[in-house]
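Here the structure is laid out as C-alpha cells; the discussion comes afterwards.
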Amino acid sequence: DQQVKQNSPSLSVQEGRISILNCDYTNSMFDYFLWYKKYPAEGPTFLISISSIKDKNEDGRFTVFLNKSAKHLSLHIVPSQPGDSAVYFCAARGSNDYKLSFGAGTTVTVRA
Amino acid sequence: GAGVSQSPSNKVTEKGKDVELRCDPISGHTALYWYRQSLGQGLEFLIYFQGNSAPDKSGLPSDRFSAERTGGSVSTLTIQRTQQEDSAVYLCASSLLGGISYNEQFFGPGTRLTVL
C-alpha cells in the first residue's frame, strides 16, 4: 500500500522552462516532506524539504509547495537546466517516525 | 569526506542461494537505514539501526531477510534462499543522529541484486 504516490513516471521539459513535479500522499499523519534527486548509479541526494506548518519553501531554483487539505505537494524547478535531468523522489514522514515513505519517482529529462 | 559506500555494486545470484550486502556508513553517523527499490516502486523501508538500541526490523519482508550492524558502524544485510522477487536495488543510508528529530539521510549508491 503506497502512501506516497508520484503518478507521472516521466517528464520532459525544454531548457529554461519550468519543471513541475507532483506528489500525493494518503497518510494524514505525515507532516514533513522531502524531495530527493537521483542520478544513475548514485544514491538519492536530499534536495529540499517542507514542514506541514508551511505551504511553501524556496531554495534557489527549487520551490516546494504543500497543500495539506489536498494531501498534495509539488516541486517547481525554474529555470530547468540540463543538469537537472535525473529521477526525483518525493518522501514523507510523520513527526513521531524516522522512517521515510517514498514515491516511485519521476524521471525528468531537460532538453537543450 | 567519504560518503556511504556499498558493496558489491551488482550481484547476480541463482534462486535459492544466500547473499550478503554490505554498507559502510559515514564515519560518526549513529543511525543506519536499509531500503530497497523494486522495479517501478518507491524506496521501501527495511530496517533501522540507532546506536545500541534494538533495531527496528518492521520493514523486513520475510524471515529470510536479516541484518546486523557490528560495532555501530558497518552493516550487513543477508538474504537467505533468495527468490526472484528479491531482485531490486538495495540502498543503505546513514544519518548523524536518529530518532524522531529529522536528520538528513545520506544514501549510498546501492547494490543491484538480480536473482535468476
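Because the structure is a prediction, the values reported are computed rather than measured. Quick note on labels: first sequence line is chain A, next is B, and so on, each numbered from 1.
- Between B/Phe106 and A/Phe46, the ring center distance fails the sub-6.0 Å criterion.
- No more than 12 heavy atoms of other residues, nucleotides or ligands shown are found within 6.0 angstrom of CZ on A/Arg17.
- Under the 4.5 Å side-chain contact rule for hydrophobic residues, A/Val13 and A/Leu21 share a cluster.
- For B/Ser58, the part lying near chain A is the side chain, with the backbone staying farther off; criterion is any non-hydrogen pair under 4.5 Å.
- Cluster annotation: A/Val78 is connected to A/Ile20 through the hydrophobic network of ILVMFWY side chains, with a link wherever side-chain heavy atoms come within less than 4.5 Å.
- Contact of the B/Asp56 side chain with the A/Lys99 side chain is registered, since non-hydrogen atoms from C-beta on lie closer than 4.5 Å.
- A chain of hydrophobic side-chain contacts below 4.5 Å, direct or via other Ile, Leu, Val, Met, Phe, Trp or Tyr residues, connects B/Leu77 to B/Val19.
- At most 12 heavy atoms of other shown residues, nucleotides or ligands fall within 6.0 angstrom of atom CD in B/Glu14.
- At a 4.5 Å heavy-atom cutoff, the contact between B/Gln37 and chain A is made by side-chain atoms alone.
- Of all the heavy atoms in A/Ala41 and B/Pro109, the pair that sits closest is O-CB, 3.6 Å.
- The shortest non-hydrogen separation linking A/Pro44 to B/Gly108 is CD-O, 4.5 Å.
- Summarising the local packing, CG of B/Leu116 is surrounded by more than 12 heavy atoms from other residues, nucleotides or ligands at distances under 6.0 Å.
- Linking ILVMFWY side-chain heavy atoms closer than 4.5 Å, directly or via other members, places A/Leu47 and A/Val110 in a single hydrophobic cluster.
- When side chains are defined from C-beta on, A/Tyr36 counts as touching B/Gln105, because their heavy atoms get closer than 4.5 Å.
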### Task
Check the pair B/Leu43, A/Phe89 against side-chain contact (heavy atoms from CB on, under 4.5 Å), reporting the backbone distance first and the verdict last.
CA-CA 9 Å; B/Leu43 279 71; A/Phe89 291 99; 3.8 Å; yes
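- Proximity to chain A (any heavy atom under 4.5 Å) is restricted, for B/Leu91, to the side chain, taken from C-beta onward.
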